[in-house]
Amino acid sequence: MLSKVINSNSNLRHRRQCLSSAFNVFCLAIGILGFLIGAMALYNYSSFNLTSWDGNGTVGGSVAPAPGFSKRRRVLGFVGVQTGFGSTERRKALRKTWFPSDPQSLRQLEESTGLAFRFVIGKTGDETKMAELRGEAEEYDDFLMLDDIEESYSNLPAKTISFFRAAYESFDADFYVKLDDDVYLRPGRLSLLLQRDRPHPLTYIGCMHKGLVLTDPGQKWYEPRSDLLGHEYFSYAGGSIYALSYEVVENLVGLRRDVVRLFSNEDVTIGAWMLAMNVHHEDDRALCEPECRPSSVAVWDDGCSGLCNPEARMLELHEKEICRG
């Protein structure tokens with residue numbers, strides 16, 4: 001009888017040991033899983049944070065990732081809001097309206113729409129302005145810096161090309177959107193627009209228009225090389241907002257700057273290259289509405305090629321429920 005009790009106790013201890021070992025293995029598996037989830041969260045957060053500063057006080061947003069672009073973040077669309085050193089008040093107005101002012105809210109918007117948003121700016125030799133930009137970028141963390149571009153109006157065509165290259169290096173996007181900082185955007189509507197099924201992989205979306213080539217040097221959109229263009233422009237998307245599909249940008253970033261022509265106006269330059277690439281022109285008037293309507297994607301005034309008095313008008317539009325919706 002005693003031997004049976006001993007055997008029974010031995011078997012019980014053995015079962016307990018087995019259960020204890022299984023429990024330890026289970027706890028170890030849970031621990032490993034928790035570590036992996038934490039690591040993935042840290043990776044996702046670091047991929048969200050585009051802006052970094054080097055010791056020389058420049059923004060490192062356009063640094064190329066590892067070969068093969070394996071580090072690029074996957075998104076439906078990347079929206080580059082083109083801005084300048086004289087547009088501080090415009091950025092303030094944007095951050096009070098559709099462009100969230102804190103990283104957490106910006107991330108929530110990006111997760112809900114599948115779009116990524118950054119202000120895009122070049123550099124300047126003015127150390128005071130660069131110091132101010134440094135402070136703003138550290139506060140809001142929402143810039144993509146183009147280290148190879150001197151910020152100026154005459155440099156807009158080159159800046160646009162540099163923007164698409166930097167965006168392509170950082171993001172694997174179905175579409176890359178160029179947007180001016182004086183346009184009221186409805187991000188949710190833009191997301192729906194970019195999600196549509198399209199039979200053409202090479203797609204160029206915008207408000208297409210034509211117009212007379214301006215030959216008077218005193219006019220804002222004067223074209224010095226009008227002799228190459230004739231009296232009227234070809235069909236091209238207005239520069240306030242337009243989108244290029246991944247395949248178009250992939251071809252665009254491969255072009256050598258020294259063998260392609262840049263016209264005075266950046267939207268005309270892109271339009272000329274789109275003709276050469278044989279892309280599909282998608283004319284969508286929801287991208288150039290003067291007021292918020294149910295189907296509006298972008299709101300701006302045609303006469304100003306953006307919102308007239310954008311700092312005030314941006315806030316006025318955002319007060320309207322139909323704009324915020």
Side-chain angles (χ1 to χ4, degrees), residues 43-52 59-83 98-100 103 106-121 141-146 159-181 183 185-206 237 239-255 266-267 270 273-274 277 279-282 284 286-287 297-298:
Y43 173 77
N44 287 336
Y45 178 78
S46 64
S47 66
F48 168 74
N49 183 0
L50 266 185
T51 305
S52 59
V59 190
S62 57
V63 178
F69 301 113
S70 59
K71 300 288 187 181
R72 291 192 300 173
R73 180 181 166 196
R74 183 75 181 93
V75 293
L76 168 65
F78 177 76
V79 181
V81 183
Q82 312 297 308
T83 191
W98 66 265
F99 195 118
L106 180 59
R107 183 168 185 166
Q108 290 174 348
L109 175 64
E110 293 183 340
E111 289 176 347
S112 66
T113 60
L115 308 175
F117 304 88
R118 297 293 183 276
F119 287 110
V120 180
I121 193 169
D141 198 19
D142 54 9
F143 280 90
L144 176 62
M145 181 70 177
L146 307 178
K159 177 183 177 179
T160 301
I161 303 308
S162 181
F163 152 64
F164 282 119
R165 284 182 172 145
Y168 180 81
E169 289 172 357
S170 300
F171 288 88
D172 177 13
D174 290 344
F175 285 91
Y176 299 86
V177 182
K178 183 262 182 182
L179 177 73
D180 285 347
D181 62 4
V183 173
L185 183 70
R186 301 177 70 199
R189 299 300 307 177
L190 177 62
S191 177
L192 293 175
L193 169 63
L194 299 183
Q195 289 179 57
R196 294 176 187 170
D197 290 330
R198 292 176 171 86
H200 305 280
L202 299 172
T203 301
Y204 172 38
I205 309 172
S240 295
I241 178 173
Y242 57 84
L244 304 180
S245 66
Y246 177 90
E247 291 80 3
V248 174
V249 174
E250 187 174 41
N251 291 333
L252 192 65
V253 300
L255 295 175
E266 64 87 13
D267 49 7
I270 293 296
W273 293 3
M274 294 303 98
M277 290 182 187
V279 305
H280 174 69
H281 289 58
E282 183 175 315
D284 196 320
L287 291 169
V297 175

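Keep in mind it's a predicted model, so treat the numbers as computed, not measured.
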Exercise. For V279 and L244, what are the C-alpha separation, side-chain angles and deciding distance, and is it a side chain to side chain contact (heavy atoms under 4.5 Å, CB included)?
Worked result: CA-CA 10 Å; V279 305; L244 304 180; over 6 Å; no
For this session: Flag the pair W273 / Y204 as yes when at least one side-chain heavy-atom distance between them is below 4.5 Å, and no otherwise.
Result: no
For residues 247-255, tabulate all N or O donor-acceptor pairs below 3.5 Å that involve a side-chain atom, not counting sequence neighbours.
| from | atom 1 | to | atom 2 | distance (Å) |
| --- | --- | --- | --- | --- |
| E250 | OE2 | Y168 | OH | 3.4 |
| N251 | ND2 | E247 | O | 3.4 |

Problem set entry | Heavy-atom pair of closest approach, residues P187 and L109 | CB-CD1, 4.0 Å
Exercise. What are the two closest non-hydrogen atoms of L146 and A166, and how far apart are they?
Worked result: CD2-CB, 3.8 Å
Exercise. Should F171 and L144 be marked as a side chain to side chain contact (heavy atoms under 4.5 Å, CB included) after you check the CA-CA gap, both sets of side-chain angles, and the distance that decides it?
Worked result: CA-CA 12 Å; F171 288 88; L144 176 62; over 6 Å; no
Exercise. Are R118 and L106 close enough, and set up right, to give a side chain to side chain contact (heavy atoms under 4.5 Å, CB included), and what steps lead you there?
Worked result: CA-CA 10 Å; R118 297 293 183 276; L106 180 59; 4.1 Å; yes
Exercise. Can you name the residues that form a salt bridge (Lys or Arg N to Asp or Glu O under 4.0 Å) with K178, not counting sequence neighbours?
Worked result: D180, E266
For this session: Calculate, to the nearest 0.5 Å, the distance between atoms CG and CG belonging to L76 and L192 respectively.
Result: 9.5 Å
For this session: For the residue pair R196 and D284, establish whether any side-chain heavy-atom pair is separated by less than 4.5 Å.
Result: yes
For this session: Evaluate the side-chain proximity of R198 to H280: yes if any heavy-atom separation is below 4.5 Å, no if none is.
Result: no
For this session: Go through the structure and list residues passing side chain to side chain contact (heavy atoms under 4.5 Å, CB included) with R74, not counting sequence neighbours.
Result: D172, D174
Seminar exercise, completed: side chain to side chain donor-acceptor pair (under 3.5 Å) filter on E111, not counting sequence neighbours, yields R107
Problem set entry | Approximate separation, where rounding is to 0.5 Å, of F78 CZ and F117 CZ | 10.0 Å
Problem set entry | Distance (rounded to the nearest 0.5 Å) between L287 CG and L190 CG | 7.5 Å
For this session: Taking the side chain as every heavy atom from C-beta outward, state whether V81 and L185 have any atom pair closer than 4.5 Å.
Result: no
Exercise. Nearest 0.5 Å, what's the NE2-CD1 distance between H281 and I205?
Worked result: 12.0 Å
For this session: List in chain and number order the residues that pass ring pair (Phe, Tyr, Trp, His ring centres under 6.0 Å) with Y242, two or more places apart in sequence or in another chain; answer none if no residue qualifies.
Result: none
Exercise. Taking atom CE of M145 and atom OG of S162, what is their separation to the nearest 0.5 Å?
Worked result: 10.0 Å
Problem set entry | Nearest-0.5 Å distance that lies between atom CD1 in I241 and atom CG in D267 | 13.0 Å
Exercise. Looking at L115, T113, V297, V79, which hits side-chain contact (heavy atoms from CB on, under 4.5 Å) with L194?
Worked result: L115
Seminar exercise, completed: Note: A237 and G206 closest approach over all heavy atoms is CB-CA, 3.9 Å
Exercise. Just by distance, with hydrogens left out, do S191 and Q195 show a side-chain donor and acceptor under 3.5 Å apart?
Worked result: yes
Exercise. Any side-chain heavy atom of R186 within less than 4.5 Å of one from W98?
Worked result: no
Problem set entry | Polar side-chain atom of S170 near backbone of A167 as donor-acceptor pair, under 3.5 Å | no
For this session: Please identify each residue that fulfils ring pair (Phe, Tyr, Trp, His ring centres under 6.0 Å) with Y176, with sequence neighbours left out.
Result: none
